[in-house]
Amino acid sequence: MKKIAIIGSGPTGIYTFFSLLNNKTPLSISVFEQEKEAGVGMPYSAEDNSRLMLANIASIEIPPLFITYLDWLKTQSQPHLARYGVDKNSLHDRQFLPRILLGEFFRDRFLAIVEEAKKRGFAVQIYESSCVTDIDAHADGVTLSVNDKPFMENVDLAIVATGHVWPDEDEATRAYFPSPWSGLMDAEVRSCHVGIMGTSLSGLDATMAVVMQHGIFVDDQFRLAEKSQGLKMTLMSRTGILPEADFYCPIPYEPLAILTQAVAEAEIKKGADGLLDRIFTLMVKELRNADPQWCDAINLHRLNADTLLDAWFADRKKHDPFLWAEENLQEVVRNKHEKRTVAWRYTVLRLHDVVGEIVPHLNEKDSERFKMGLARVFIDNYAAIPPQSIRRLLALREAGIISILTLGNEYELDIGNDRTVITTQDATWQFDVFIDARGQKPLKTKDLPFPTLRKQLLATGDEIPDVGEDYTLQAPESLCGRVAFGAIPWLMHDQPFVQGLAECAERGKAMAKAAEKPASRPRRKLFFVEN
């Protein structure tokens, strides 16, 4: 049997394992998970999340694993679902449910995949509490080190399916947390002034991790505990803009009329020079075809790939973020009830997948332009959050607990032992506890946690790993066909929209093909852009 090692058993590892079942010849598969329980994944584990933290993806969007998430939910008992505030009688495929519950689904499906693999003649070994600490690819295969000790046998293919990488908990103090997943869930945050850097989903997660210690939500109102009257929270970012609520639209997505995948590929073949602007011109045509009234309202015909960003956020910047959130929530709820799709929002949502394909083919200048402009538009659009998360934010605002701070582009951040100070040209703010919730940052080859693999890749001179269509590393020669690299932080440079579950499934499907043969051609051309 060909021996496959899957390193990491979160969503990427699970969907990779699931896709490997399609292999006509049974494989020997070893799964290595550094946590105590395989098949959950950090974003959905009980250790890293609270019941207040909602997944921003519904069953209708989650790729099935033999069955859909909704079908699995229907097999659960009413008392079990009630623990998460879920009514079994009102389940539907567009609900946003607690992330821990989604983690239970993945664990159950992981075990189902293991069982099915064994039925099909696969040899399967699951190694929990087993952190792969090195990867050494050579002529005889791949040697792994697990928990700093050599693994008993070589494998033919190592699939790196590790997920997010957050700062270690030992970097956190009582007054500072380098991420919401660096000890925050286990920490006792006192009733004080808490600052949270980041106003998107990660910022809201950090908010929920703190407020759950100081009160409860009841009927969309927040009741602050008497002992916690000193709690004040400030969410902050450069723009001070909150994400909008998830909007109704047809799923599966309807095809685009103008900027199709084939058209985008044709533009890529014309060359990197002018590619971004050519694609933007086609975007304008697509949007005008879908919603000419909105296009006229923002003067889209006068905008370009650099100026659309300002027009996109212009109205939100003119309004109080909480008032905007309340009005947007009412609109979303009304549209979902009426099953009404806002054409321009839906068009931008569908465009992000197609436009994302051009990113590896942009020249260095246009890569930076995309990162600073269109990428932020697309991310704001597709990273809309559950309406219930907006309701909770508004409840905290009504309770007088939370505020929003717009920092602007120029500010100084001074992290001290007992407090954090932020200074702008106009004011200074002090926080007793500070949480950096700006989300996953792209990483480079030098950040790889596998010393031998890191040394091999650094020797090629590439600042980020170069992978093929099946995600196998392309250089040096000793790695070709030996290591499939699907670790999110190292892919974000030229795959800016790589983090969703649908993307995990697609990446898993592609890496599973590496078990059959090496990639036939490079998947991407890399232009590294410094953050």
Side-chain angles (χ1 to χ4, degrees), residues 9-19 21 33 35 37-117 163 201 204-205 208 212 217-220 245-253 332-333 336-337 339 382-392 499-506 508-509:
S9 66
T12 299
I14 293 170
Y15 282 109
T16 302
F17 194 174
F18 182 64
S19 294
L21 295 182
E33 172 55 53
E35 300 301 328
E37 190 173 67
V40 179
M42 183 282 301
Y44 311 105
S45 70
E47 291 76 18
D48 295 299
N49 295 273
S50 78
R51 296 179 185 180
L52 292 179
M53 296 178 180
L54 300 177
N56 65 336
I57 186 169
S59 177
I60 193 172
E61 300 175 271
I62 298 172
L65 292 162
F66 298 124
I67 59 173
T68 68
Y69 183 33
L70 178 60
D71 288 338
W72 177 83
L73 288 166
K74 290 177 179 178
T75 68
Q76 306 305 298
S77 70
Q78 174 59 40
H80 182 67
L81 293 178
R83 291 175 55 206
Y84 298 98
V86 178
D87 180 3
K88 186 172 183 178
N89 296 321
S90 61
L91 288 171
H92 59 85
D93 63 3
R94 289 180 181 259
Q95 278 177 290
F96 296 100
L97 301 174
R99 288 217 291 265
I100 297 175
L101 193 54
L102 182 52
E104 290 186 12
F105 166 74
F106 280 129
R107 169 66 176 178
D108 179 85
R109 296 294 84 202
F110 173 76
L111 295 177
I113 294 167
V114 171
E115 183 179 354
E116 180 63 25
L201 184 62
L204 303 189
D205 286 339
M208 295 303 131
M212 66 180 289
F217 289 95
V218 179
D219 297 330
D220 292 334
D246 186 83
F247 51 90
Y248 178 83
C249 65
I251 300 174
Y253 295 159
V332 163
V333 170
K336 287 190 175 183
H337 177 72
K339 295 186 177 180
Y382 80 74
I385 63 177
Q388 185 64 17
S389 296
I390 298 291
R391 292 189 186 95
R392 288 173 177 167
Q499 300 186 62
L501 288 179
E503 287 72 21
C504 287
E506 287 299 316
K509 184 178 180 180

Interatomic distance, E61 atom CD to D93 atom CG [nearest 0.5 angstrom]:
9.5 Å
CD1-CG distance between I57 and L501, expressed to the nearest 0.5 angstrom:
4.5 Å
Closest approach of A245 and V332, non-hydrogen atoms and distance?
O-CG2, 3.7 Å
Lys/Arg N to Asp/Glu carboxylate O, D246 vs K336, below 4.0 Å
yes
Keeping the roles fixed (side chain from K88, backbone from S77), state whether a donor-acceptor pair exists under 3.5 Å.
no
Looking at residues at least two apart in the chain, or sitting in another chain, which of them share a salt bridge (charged side-chain N to carboxylate O under 4.0 Å, His left out) with E115?
K119
Nearest atoms (heavy-atom pairs only) where A55 meets P386
O-CG, 3.6 Å
Does any non-hydrogen side-chain atom of F110 lie less than 4.5 Å from one of V40?
no
Begin from the C-alpha positions of R391 and V333 and carry the test side-chain contact (heavy atoms from CB on, under 4.5 Å) through to its verdict.
CA-CA 11 Å; R391 292 189 186 95; V333 170; 3.6 Å; yes
Any Q388 side-chain heavy atom under 4.5 Å of D220 side chain:
yes
Using every non-hydrogen atom in the two residues, find where D48 and S45 come nearest and quote the distance to one decimal.
OD2-OG, 2.8 Å
Are any of the side-chain heavy atoms of L65 and F106 separated by less than 4.5 Å?
yes
Any chance NE2 of H337 has more than 12 other-residue heavy atoms, nucleotides or ligands included, within less than 6.0 Å?
no
Using atom types as modelled and distance alone, determine if a side-chain donor or acceptor of E506 lies under 3.5 Å from a backbone N or O of A502.
no
4.5 Å side-chain heavy-atom contact, V86 and L73:
no
For the pair R392 (side chain) and L52 (backbone), establish whether a donor and an acceptor sit closer than 3.5 Å, ignoring hydrogens and angles.
yes
Below 4.5 Å, heavy atoms only, C-beta onward: do P98 and L54 meet side chain to side chain?
yes
Could you go through residues 10-18 and list every donor-acceptor pair under 3.5 Å that involves a side-chain atom there, pairing it with any protein atom two or more places apart or in another chain?
unit_1: T12; atom_1: OG1; unit_2: R507; atom_2: NH2; d: 2.9
unit_1: Y15; atom_1: OH; unit_2: P63; atom_2: O; d: 2.6
unit_1: T16; atom_1: OG1; unit_2: T12; atom_2: O; d: 2.7

Candidate pair M42 and E35, rule side-chain contact (heavy atoms from CB on, under 4.5 Å), full reasoning
CA-CA 9 Å; M42 183 282 301; E35 300 301 328; over 6 Å; no
Could you tell me whether a side-chain N or O of Y69 sits under 3.5 Å from a main-chain N or O of L102, the two making a donor and an acceptor?
yes
Would you compute the distance between atom OG1 of T68 and atom CZ of F105 and round it to the nearest 0.5 angstrom?
7.0 Å
Over 60° means perpendicular and under 30° means parallel, so tell me whether H80 and Y84 are parallel, tilted or perpendicular.
perpendicular
CG of L81 to CG of N89: how many Å apart, nearest 0.5 Å?
10.0 Å
Which residue pairs pass the salt bridge (Lys or Arg N to Asp or Glu O under 4.0 Å) test when at least one of the two sits in residues 96-110, sequence neighbours left out?
E37-R107, R99-D205, R107-E128
Trace of the side-chain contact (heavy atoms from CB on, under 4.5 Å) decision for I251 with R94:
CA-CA 10 Å; I251 300 174; R94 289 180 181 259; 4.1 Å; yes
I62 side, atom CD1; L70 side, atom CG - distance, nearest 0.5 Å:
10.0 Å
